[in-house]
2 protein chains.
Amino acid sequence: MVLDVNHQAPREPKYYQVKRHLLQLIDTLAPGSLVPTERVLTVELETSRTTVRQALSELVGEGRLVRRQGSGTYVAEPKIAWPLHMTSFTEQAAAAGYSASTQLLDAVRERASEDIASRLGIKTGASVYCIERLRLVDDTPMAVETSYLSAARFAGLIGHVRKTSSLYRVLADVYGTAPVSAEETIETAVASPREADLLNTDTGAPMLVLGRHSFDDAGEPIEWVHSWYRGDRYVFVAKLSAGH
Amino acid sequence: MVLDVNHQAPREPKYYQVKRHLLQLIDTLAPGSLVPTERVLTVELETSRTTVRQALSELVGEGRLVRRQGSGTYVAEPKIAWPLHMTSFTEQAAAAGYSASTQLLDAVRERASEDIASRLGIKTGASVYCIERLRLVDDTPMAVETSYLSAARFAGLIGHVRKTSSLYRVLADVYGTAPVSAEETIETAVASPREADLLNTDTGAPMLVLGRHSFDDAGEPIEWVHSWYRGDRYVFVAKLSAGH
DNA sequence: CCTCTGAAATGGACTAGACAACTCTGATAG
DNA sequence: CTATCAGAGTTGTCTAGTCCATTTCAGAGG
């Protein structure tokens with residue numbers, strides 16, 4: 001296969017011209033400023049509202065603009081840096097100067113899908129606890145976190161979780177176990193209506209999904225978690241040193 | 001502020017019904033299979049082509065479908081796991097069983113923007129080298145990587161980079177320096193026409209952007225890099241242990 | 001048998017407009 | 001003065017279509 005890197009650049013779509021025009025405009029405005037309405041832009045840039053909306057949508061997805069139905073479109077606040085590989089959510093937030101809290105959305109027992117079962121080292125259809133929590137920072141929803149744990153291994157977990165906010169504390173105090181290693185994954189996704197509602201954003205908005213697969217000292221899987229963050233609001237940060 | 005988590009769920013948009021219908025269909029098909037055309041779906045699901053395209057676009061963005069103009073829409077291959085925090089790009093790829101290569105796209109000397117200057121610890125407008133490279137895995141474009149380094153500190157760098165593929169080797173062998181710590185950031189973005197062209201995807205496609213800010217043993221900044229990966233093709237993976 | 005050509009089918013980009021849902025403001029009634 | 005409400009203006013969703021760029025493939029011609 002021959003690589004075709006030097007071929008002609010594709011012609012620029014019209015909505016991209018609109019986008020560049022808006023980017024220039026955004027640079028001159030302070031966060032919170034109102035940008036022209038869709039209909040005004042349609043006339044000014046001599047295009048259709050659909051095209052203007054495509055440009056606006058991308059900028060919203062990138063966290064540069066915020067749309068408020070019935071009100072207007074505004075220049076967004078800069079993204080919030082969020083440390084990766086945190087010991088404890090609450091702890092790390094406090095260190096960064098935020099007040100963090102957690103809200104239990106749902107805690108149910110269900111049958112493991114093939115995917116969940118293989119991750120937890122149990123049989124498909126075995127009982128698992130599914131714990132869904134909303135992470136808040138300064139009372140603003142930050143992430144939707146869903147944890148899966150084996151029901152056989154952590155019998156009665158739901159009752160404990162309802163009383164104590166920290167899952168890791170329950171695991172340590174009640175079940176005498178703690179994760180010593182983990183494999184984390186980071187990928188992009190698109191918000192479903194449910195996540196969009198909980199995180200106060202739009203269906204289809206770009207998300208950052210952080211997955212964590214935790215193991216105990218014996219190498220046995222403890223939990224499988226995935227956390228959905230608004231991609232337009234957060235940027236993950238990790239500090240690395242020497243060794244690698 | 002009172003949290004309003006239990007209010008009614010928003011009514012499901014029609015395009016999301018289309019999307020769920022397609023997801024069900026995708027689950028029954030093998031990667032590479034053809035899905036019905038946009039016009040067929042429009043009739044079958046009794047909607048407009050615009051609405052069908054919105055659903056298809058999200059699925060393409062999530063890496064579940066691939067569109068080929070003039071041909072059709074196909075079920076996509078699963079995402080590729082890519083290790084984070086790699087020592088050397090080539091090395092790490094080899095370890096994962098891939099053959100990696102790098103193609104130099106551009107290497108120029110330019111004036112530092114305010115942002116770049118502050119990252120490199122130099123004055124705005126000072127000379128910097130901007131080195132743009134395309135990372136390939138098994139001859140498939142994987143990421144567009146742009147590095148910025150101080151031209152004063154690494155005089156003549158471009159000449160060396162044209163001869164040697166590894167930037168870090170040049171830094172070590174010629175300039176006797178190496179990064180010992182770094183701060184990495186991960187965020188979502190949207191592909192510009194240029195990146196879309198280089199990575200063989202579409203303008204506006206969701207991307208994962210990895211930033212790395214490297215420092216030497218004296219704590220002086222060495223380089224600032226950002227790498228753009230196709231969000232629909234890659235998932236970053238990191239292994240963590242105990243103390244982390 | 002091979003090559004070329006052109007029609008058909010596909011996705012890509014865009015338009016013009018309708019109606020719904022929501023926000024804000026100013027006029028009005030109490 | 002305050003509270004309410006109607007209406008104007010905004011974004012959200014959807015429709016029905018046009019035209020373009022690319023791919024595919026069957027058939028004509030060599």
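The basis for the numbers below is simple: all heavy atoms, side chains too, and nothing from hydrogens, waters or symmetry mates. Letters go in sequence order (proteins before strands), and every chain restarts at 1.
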* Asked: Between the side chain of B/S227 and the main-chain N/O of B/A143, is any donor-acceptor distance below 3.5 Å?
  -> no
Nearest whole Å is fine: how far is [N] [atom2] from [X] [atom1]?
| X | N | atom1 | atom2 | value |
| --- | --- | --- | --- | --- |
| A/K19 | C/dA13 | NZ | P | 13 Å |
| B/L65 | C/dT10 | CG | P | 16 Å |
| B/D197 | C/dG12 | CG | C1' | 16 Å |
| A/Q17 | C/dA13 | CD | C1' | 12 Å |
| B/Y74 | C/dA9 | OH | P | 16 Å |
| A/E38 | C/dG17 | CD | P | 16 Å |
| A/K14 | C/dA13 | NZ | C1' | 10 Å |
| B/Q69 | D/dC20 | CD | P | 14 Å |

* Atom of B/L23, atom of B/R64 and distance for their closest heavy-atom approach -> CD2-NH1, 3.7 Å
* Structure fact -> Closest non-hydrogen contact found for A/C130 with A/E110 is CB-CD, 3.9 Å
Name the nucleic acid region contacted by [X], choosing base, sugar-phosphate or nothing; use a 4.0 angstrom heavy-atom cut-off, strictly under.
| X | value |
| --- | --- |
| A/R53 | base |
| B/S71 | sugar-phosphate |
| A/T51 | sugar-phosphate |

* To do: Report the residue (B/G72 or A/G70) whose heavy-atom-nearest nucleotide on DNA chain C is the more 5′ of the two.
  => B/G72
* **First encountered from the 5' end of DNA chain D, between A/T73 and B/Y16** => A/T73
Looking only at N and O atoms, is any donor in the side chain of [X] or the base of [N] less than 3.5 Å from an acceptor on the other one?
| X | N | answer |
| --- | --- | --- |
| A/T50 | C/dA13 | no |
| A/R49 | D/dG12 | yes |
| B/R39 | C/dG11 | yes |

Nearest to the [X] side chain among [options], which nucleotide is it?
| X | options | value |
| --- | --- | --- |
| A/Y15 | D/dC14, D/dA21, C/dC14 | C/dC14 |
| A/P13 | C/dT15, D/dG12, C/dA13 | C/dA13 |
| A/R67 | C/dG11, D/dC14, D/dG12 | D/dG12 |

* **C/dA9 OP1/OP2 closer than 4.0 Å to side-chain N/O of B/T37** => no
* To do: Answer yes or no: does a side-chain N or O of A/T47 lie under 4.0 Å from OP1 or OP2 of C/dT15?
  => yes
* With under 30° as parallel and over 60° as perpendicular, where do the rings of A/Y234 and A/Y229 fit, or are they tilted in between? -> perpendicular
* Asked: Using the ring of each side chain (for Trp, its six-membered ring), is B/H213 parallel, tilted or perpendicular to B/W224, with breaks at 30° and 60°?
  -> perpendicular
* To do: Determine whether B/V190 and A/K19 make a side-chain contact, defined as any pair of heavy atoms from C-beta on separated by less than 4.5 Å.
  => yes
